[in-house]
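Reviewing the structure listed below.
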There are 2 protein chains.
Amino acid sequence: MGHFKVNEKDLFFILKDQLNYGDLCKLERYKELDEETLDMLVSEAVRFATGQLAPLQEIGEKWGVIFDNGRVRCAPEFREAFKIYGENGWIAAARDPEYGGQGFPHMMRIVINDMMYGAAQSFNMAPSLTHGAAHLIERFGNEELTSQFVLKMYEGQWAGTMALTESNAGSNLAAIKTTAYPEGNYFKIKGSKTFISWGDHDLTSNIIHLLLARIQGAPEGIKGISLFVVPKMRVNLDGSIGDPNDVICTAVEKKLGLHASPTCTLNFGENDDCIGYLCGDENKGLAHMFQMMNQARINSGVSGMSLASTAYQNALTYAKTRIQGSDLAGRKPGYVPIIDHPDVRRMLLWMKAAVDGMRSMIYTGAFWSDLTLELPEGKEKQHYQSLVDFITPIIKAYCSHIGFRVCETAIQCLGGYGYCKEYYLEQYLRDVKILSLYEGTNGIQSMDLLGRKMNMNGGAPFKAFMTEIECFCLKNMDNRVFAEQIKALSDVLKKVVRVVGEMSNRAKTDLLQWASYTYPALLCFGDVTMAWRLLDMALIAKNKMDAGKKNDFLTGKLMQAAYYVETTLPLTLGRLDTCVRNGREVESMPEEAF
Amino acid sequence: MGHFKVNEKDLFFILKDQLNYGDLCKLERYKELDEETLDMLVSEAVRFATGQLAPLQEIGEKWGVIFDNGRVRCAPEFREAFKIYGENGWIAAARDPEYGGQGFPHMMRIVINDMMYGAAQSFNMAPSLTHGAAHLIERFGNEELTSQFVLKMYEGQWAGTMALTESNAGSNLAAIKTTAYPEGNYFKIKGSKTFISWGDHDLTSNIIHLLLARIQGAPEGIKGISLFVVPKMRVNLDGSIGDPNDVICTAVEKKLGLHASPTCTLNFGENDDCIGYLCGDENKGLAHMFQMMNQARINSGVSGMSLASTAYQNALTYAKTRIQGSDLAGRKPGYVPIIDHPDVRRMLLWMKAAVDGMRSMIYTGAFWSDLTLELPEGKEKQHYQSLVDFITPIIKAYCSHIGFRVCETAIQCLGGYGYCKEYYLEQYLRDVKILSLYEGTNGIQSMDLLGRKMNMNGGAPFKAFMTEIECFCLKNMDNRVFAEQIKALSDVLKKVVRVVGEMSNRAKTDLLQWASYTYPALLCFGDVTMAWRLLDMALIAKNKMDAGKKNDFLTGKLMQAAYYVETTLPLTLGRLDTCVRNGREVESMPEEAF
């Protein structure tokens, strides 16, 4: 079961050397904490993921999901793991002690998820959704809802879901038809939801659905959607479990991957007996839900990166031990481990850089989130909020896009064995594919980035983001070793500004042409972010080396940055050009010509 | 079962308008044929694939492969289909009537495989391997072997395999350990082979393995490898089936995809009772086997393209019928089919161009093969041989690389539904991944292209290939509509020449650095080939339109070329630069730094 592997040194290099995450303990809210405590939490997360979760990856794949008689049964080991996960405080690590949390900074939840997803993605979706659902209640629910549900969910006694999608309302939530009929101080819910991850299961005695529905008579479209808390089992006044709440699982999807994660169709109120509680303001459901959706988007990026990380580590281990073929340059006699073959090394180096760059991108975003939440009102807080707004769709789409390619490349390293179940990698490829699809497809992310985010607050998110990277280039343009790569990044940034400007103009006059190129443009933003984060790590490593600390680990940081930046940015430049080409084929292709 | 779809008009446009494949009937060998007969064969192949094979895709996936008691059992429908496939002459369509073939040009086998793989990849591997194995015997076996085996295999009574790989001899066949001990006019075979596709099954009463082994006392390495015919069941003098030949299937791989294709470990001579017959010359086995391996490489490219084709057609159908979201430009009221959304159209147009370009690339290579085989000795024949030599690794690696991306993109078009088994697309993604791995990984193809093929016959293959594309550019540089794209292709070609020259110089002094960039260089060759084939089709379509024939189909050819060329070549230019960068990270990265 040793397939989960992570290089702790890589984690701490980003957290400590690159981000100085100990600084978070200077924030008023975290003043009781210190860096050492954060470090311990990280190491503990690695240990927990390795010891408790990693075995679930294979167990879950074998067991899958058993669905009969309207009930979903999961592997017994999952139930046990969920219990310990909750008891050990992992669900609510970053939540307030007032609600049973451990009070760690928000970014620690991301670091924890990195480990947990990397060890067992299917499983970790359950506590992650539970956290998101409980956090929504904590934030928007009234005291009654909060006291009834939040603690039990944070402790892992009950689980949670987000129930948004309907069969004709997926990407387009405006089409939601599920209806809530007022009845005293609660509502009767009627409707059907589909694609509900962990919508039914036997890990916990209750499942709390955070559900979007229309209150009878509400306006059409997204302006008439409200958020409801709908438990699977009713809860008595004393907090004990009552009668079933007329929530019935009618189908479980058969999928490419995530075989241990039940994706359910749920019927609410088939017998007119499903009670729901309004959470937050009437008709503000979508806005409320965005808290959970943004977290879910970030978590999609985290999953993509962490599955890629595990896949890379597995390919690396294989490449070091698999003997095949002779050394091309005749450096060693006989047959050699395949890590000696240049094309295998090429793949490994690219994967290493991709994983480390994505992890740095994600942790950086998470660090910003804490500043956004905890800094006093003012310009600085606003700056970090802008950065978080901008990087969210990049993290979601780019890390799922590249994560998939890393898993593919890891298989390629193993040759024919990569195709065999024996080596686990094929499961990573299957599992990782979901991340570009759910929580808003990557295409939708690109419209969010190049549209909504670009125009938000007079362009503040874009400006804040570019400022960060431009300042990095300015500060380091004379660097002895990386001047060339920093110049390259700076040149790409200039082109980004020009291209994005042209695209924004187009958006005003020619929306269809603009939307035909938002996805490649998003990828360019991803490339730029990666180059920046990788070069930043390389400069830090170089400084350490200049100070006399020389080792292979630091050399790796230098080499991965040089390689990724120099083999990626030339293509980014090309792709940027394509985003503003004049050809209108996408838009004007006759339907019958496809 | 309607998931197999192909646009016959696309096929015929390449075959008739682009390649004038009827010209093959002017060759001495095919003088009895005419274009109409070839057309009929193509349409018949579409019909057979649709009617007989398409249902097997789902049946095979459900049944999988049952392995017990050392025997593999396949879905009964597979047995029936194999029989009809053989009886209808599909296995030997392009073989000589003397051996039971239909006497069609070689390229028809490729067109047939395009349809058959696109309808049911797992299944079609069986007749395709049978053809390759029988063809080897026909070419290199003595009369006894030929008369005993070839006809029965071409007719589909018996099946065939290629048995090369051993657990420590995959990419490196020099390490083969299976041994042949001389015993009268045959050999006793002893050894174990792994990853043998269709190595055991119950489709036919006998399976004929074309096996590589070392004759006892032969030299080490590839110079001591001979080719043997090893039947699963011995064959009596009268041609009837005799006793078992001590070939035992000991394991069947569990794989990411190709679930209906048994990938077997076979033990030969565990009880010292396995008889094999030398096929061709002693110690020339690898050279002989290359005939089959080259065919298998081409077929990998064909599979990659045809799975991509089917995936695209499925995504297209979905996009036309799935209603979701409003029209961005407000052209239509209410909710619209998702083909109206620009990002979906972007994916569809890219897939269409990718599939059509790959198909044209492959058919062009197949057309060249016939000229290579049938032209009288001389410069022209040599030219086509050079072209075939050069394009083979490009077809294998590029079409499997891009085919995978098309299948991924097709899933993306469907959003969350693409992840569900219900829509078949997830199976295409799983099945198509094998093609970059087997028959020599794509990395190995890139070494073959940039190494062996570049240096063959004083560089003749490279020169022949570049001449073809350069002449195309010269001839059409003044084209009214596509001048810009042709100029772009021409510019890329110039850079290719420079980069490849630099790489060749490096190969002499710095083999490891050279080998670190052969794969990206191969991709560039693929891009160039695609641009050429797509532009060629576009010019033909334009001529037709100028002659008064206007329709959406022709418009599509123009638009796909403009889009693919203009969104691909700018990235190709960037990638070419990376192939000759000076950074030596791949080569000099310390192992502990990964």
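What you see is a predicted model; the values in this text were computed from it and never measured. Below, chain A is the first sequence line, B the second, and so on; all start at residue 1. Side-chain atoms are counted along with the backbone in the values below, which use heavy atoms only and exclude waters and symmetry mates.
A heavy-atom distance below 4.5 Å is found between the side chains of B:L512 and A:L328. The closest side-chain heavy-atom distance from B:P590 to A:F553 is not below 4.5 Å. Looking only at side-chain heavy atoms (C-beta outward), B:P342 and A:Q513 stay at 4.5 Å or farther from each other. Using a 4.5 Å heavy-atom cutoff, the side chains of B:R581 and A:P570 are not in contact. Counting heavy atoms from C-beta outward, B:L571 and A:R575 have side chains that approach closer than 4.5 Å. Between B:K421 and A:E253 there is no side-chain heavy-atom pair separated by less than 4.5 Å. In this structure, B:S516 and A:R345 have side chains that are not in contact, with every pair of non-hydrogen atoms separated by 4.5 Å or more.
Taking the charged nitrogens against the carboxylate oxygens, A:R405 and B:E408 do have a contact shorter than 4.0 Å, which makes a salt bridge.
Ranked by heavy-atom pairs shorter than 4.5 Å toward chain A, the options B:G443, B:C420, B:G583 are led by B:C420. Ranked by heavy-atom pairs shorter than 4.5 Å toward chain A, the options B:I411, B:N442, B:I434, B:N7 are led by B:I434. Heavy-atom pairs under 4.5 Å with chain A were tallied for B:Q313, B:M351, B:E566; the largest tally goes to B:E566. Of the residues considered (B:M589, B:H341, B:K557, B:E592), B:M589 shows the highest number of contacts with chain A, using heavy-atom pairs under 4.5 Å. Counting heavy-atom pairs under 4.5 Å between each of B:W350, B:Y519, B:Y438 and chain A puts B:Y519 at the top. Most heavy-atom pairs under 4.5 Å with chain B: of the set A:I339, A:D577, A:L573, this distinction falls to A:I339. Heavy-atom pairs under 4.5 Å with chain B were tallied for A:R584, A:R430, A:M447; the largest tally goes to A:R430.
Checked against the 6.0 Å centroid criterion, the rings of A:F594 and B:Y312 do not qualify as a close aromatic pair. Side-chain rings of B:F404 and A:F404 approach one another, their centers coming within less than 6.0 Å.
Within a 6.0 Å sphere centred on NZ of B:K254, other residues, nucleotides and ligands contribute 12 heavy atoms or fewer. More than 12 heavy-atom neighbours from other residues, nucleotides or ligands sit within 6.0 angstrom of CG on A:L511.
For the residue pair B:S436/A:Q412, the side-chain donor-acceptor check at 3.5 Å is satisfied.
Of the atoms belonging to A:L576, not a single heavy atom falls under 4.5 Å from chain B. Only the side chain of A:R322 comes within less than 4.5 Å of a heavy atom in chain B; its backbone stays farther off. Residue A:D356: no heavy atom, backbone or side chain, is found under 4.5 Å from chain B. In this structure, no portion of A:P337 lies under 4.5 Å from any heavy atom of chain B.
Ring geometry, A:Y517 versus B:Y563: the interplanar angle falls from 30° to 60°, so the pair is classed tilted.
A donor-acceptor pair is defined here as one N or O able to donate and one able to accept, closer than 3.5 Å; no such pair exists between the side chain of A:Y419 and the backbone of B:K433. No donor-acceptor pair under 3.5 Å is formed between the side chain of A:E426 and the backbone N or O of B:K255.
What you find for A:E591 and B:K320 is that their closest heavy atoms are OE2-CG, 3.5 Å.
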